[in-house]
Amino acid sequence: MIYMYPETIVYLIMAVSSILSVVAVYLAIMERDLVRAVLYSAIQSGLYTILYYFLMAPDIVLVYLPVAVGLIPGVLLILISKTERVEKE
Amino acid sequence: MLDTLVLISRVLGLALIVLGGIASLIGAIGFHRFKNFYLRLHPLTITTIWGCVYPLIGVTLLTITLSELGVYRWFIAGASFITALIVLFLAPAGSHAIARGVHKSKTARVQPCLADLLDSELCG
Amino acid sequence: MIWELILIIALLYLASIVLFTIIAFKGPTLGDQVLAIDAITYATIVLMVLFSIYFKEPILTVVVIPLALWVYALDIYMAKYLEKGDLGA
């Protein structure tokens, strides 16, 4: 069964990571605590990494990954620690 | 002689990869079953060592015998072995840093607690 | 034999990624979410190496070493933010 349709597994992995990344983006927008929003953004970028990998673009993964997992949470955490953590009404 | 070595290497590599998949699923269920932050460090360790380091060594043992991959199979073998070493060194350091930060910032309580000599308010 | 087994193991890793992502979405504290992001990344590493064997394209393996290194950077950022309240920049 699996041996007959091997590309179904690849499409299944891509579909699951797409759906989970949509949920992560929704939670990152709706979250009041900004540190948690940074972590949701990190989850989303990790799932996008799987998508880029299965779209056969490892060079884009090599560029996207340090920016999305390394640089943006670091810069945003510095910014949050300079201002305030919880978003007001 | 050489065929026996190839067979042993392939069987050992596949066994490590299968064991890694099962251990990763066990760690994922354990993340839901444990109730506390400090208890969840234990399934994270299962996921890290049994689910990531040993399958990568298994990939190393498997790919050096797969001649379908061409000359570049040595590249996969070396890269996965280096990644196994990196994960083996960096993942315990990272989880220890997180546990230390959470304990210092008092965000999680030590729930089955006999004694906490660092900060006795967090106990229980 | 080897290729079907690799696909089945990839399905096991996909299931564990989904379970870790649920914990990363609803974890009670910040530490749980960071631990879940770590576990997602380590499962993703093995998934990528397995599909690099399956597709018979060895250049796809390059991605996994920066992935293992940058998640450690995310750990250190969050630990320092939780411990001191800022990143000292």
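Both backbone and side-chain heavy atoms feed into the values below; hydrogens, waters and symmetry mates do not. In what follows, every chain begins at residue 1, and chains take the letters A, B, ... in the order their sequences are listed.
- Interface residue B:Leu66: only side-chain heavy atoms are found under 4.5 Å from chain C.
- No more than 12 heavy atoms of other residues, nucleotides or ligands shown are found within 6.0 angstrom of CD on B:Glu121.
- The shortest non-hydrogen separation linking B:Leu25 to C:Ala15 is CD1-CB, 4.0 Å.
- Side-chain contact between B:Lys104 and C:Leu82: absent, with no pair of heavy atoms (C-beta onward) separated by less than 4.5 Å.
- Nearest heavy-atom pair across B:Ile76 and C:Pro58 is CG1-CB, 3.8 Å.
- Atoms CG and SG, from C:Leu47 and B:Cys52 in turn, are 11.5 Å apart once rounded to the nearest 0.5 Å.
- Among all heavy-atom pairs drawn from B:Ala79 and C:Thr61, the shortest one is CB-CG2, 3.9 Å.
- In terms of heavy-atom proximity, B:Leu44 sits nearest to C:Ala39 at CD1-CB, 3.9 Å.
- With a threshold of 4.5 angstrom between heavy atoms, C:Ile76 approaches chain B through side-chain atoms but not through N, CA, C or O.
- With a 4.5 Å cut-off on non-hydrogen atoms, C:Leu67 does not touch chain B at all.
- Contacts between B:Phe37 and chain C at a heavy-atom distance below 4.5 Å involve backbone atoms as well as side-chain atoms.
- Note on B:Ala99, B:Gly70, B:Ala91: by heavy-atom pairs under 4.5 Å with chain C, the leading option is B:Ala91.
- Atom CG of B:Leu114 has 12 or fewer neighbouring heavy atoms from other residues, nucleotides or ligands inside a 6.0 Å radius.
- More than 12 heavy atoms of other residues, nucleotides or ligands shown are found within 6.0 angstrom of CZ on C:Phe51.
- When all heavy atoms are compared, the tightest approach of C:Ile45 to B:Leu56 is CG2-CD1, 4.1 Å.
- Rounded to the nearest 0.5 angstrom, B:Leu39 CG and C:Asp32 CG are separated by 10.0 Å.
- Proximity to chain B (any heavy atom under 4.5 Å) is shown, for C:Tyr42, by both the backbone and the side chain.
- Among B:Ala28, B:Gly27, B:Ser80, the residue with the largest count of heavy-atom pairs under 4.5 Å with chain C is B:Ala28.
- Summarising the local packing, NE2 of B:His32 is surrounded by more than 12 heavy atoms from other residues, nucleotides or ligands at distances under 6.0 Å.
- The candidate from B:Pro55, B:Gly20, B:Ala108, B:Ser95 with the greatest count of non-hydrogen atom pairs under 4.5 Å with chain C is B:Gly20.
- In terms of heavy-atom pairs under 4.5 angstrom with chain B, the leader among C:Ile23, C:Ile6, C:Val46 is C:Ile23.
- If you tally non-hydrogen atom pairs under 4.5 Å between each of C:Ile65, C:Val18, C:Leu60 and chain B, the highest count goes to C:Ile65.
- In this structure, B:Phe81 places its CZ atom where only 12 or fewer heavy-atom neighbours from other residues, nucleotides or ligands lie under 6.0 Å away.
- Separation of atoms OG (C:Ser16) and CZ (B:Phe31) is listed at 11.0 Å; rounding is to 0.5 Å.
- Of the atoms belonging to C:Leu35, heavy atoms from both backbone and side chain fall under 4.5 Å from chain B.
- Minimum heavy-atom separation, B:Val18 to C:Ile9: CA-CD1, 3.7 Å.
- Across B:Ile17, B:Thr107, B:Thr63, the residue that shares the most heavy-atom pairs under 4.5 angstrom with chain C is B:Ile17.
- By the 4.0 Å N-to-carboxylate-O rule, C:Glu83 lies close enough to B:Arg100 to be salt-bridged with it.
- By the 6.0 Å contact criterion, CZ on C:Phe55 is enclosed, its count of non-hydrogen atoms from other residues, nucleotides or ligands being greater than 12.
- Both the backbone and the side chain of B:Ile98 have a heavy atom closer than 4.5 Å to some heavy atom of chain C.
- Put simply, of B:Val102, B:Leu90, B:Thr47, the one with the most heavy-atom pairs under 4.5 Å next to chain C is B:Leu90.
- For C:Val64, the parts lying under 4.5 angstrom from a heavy atom of chain B are both the backbone and the side chain.
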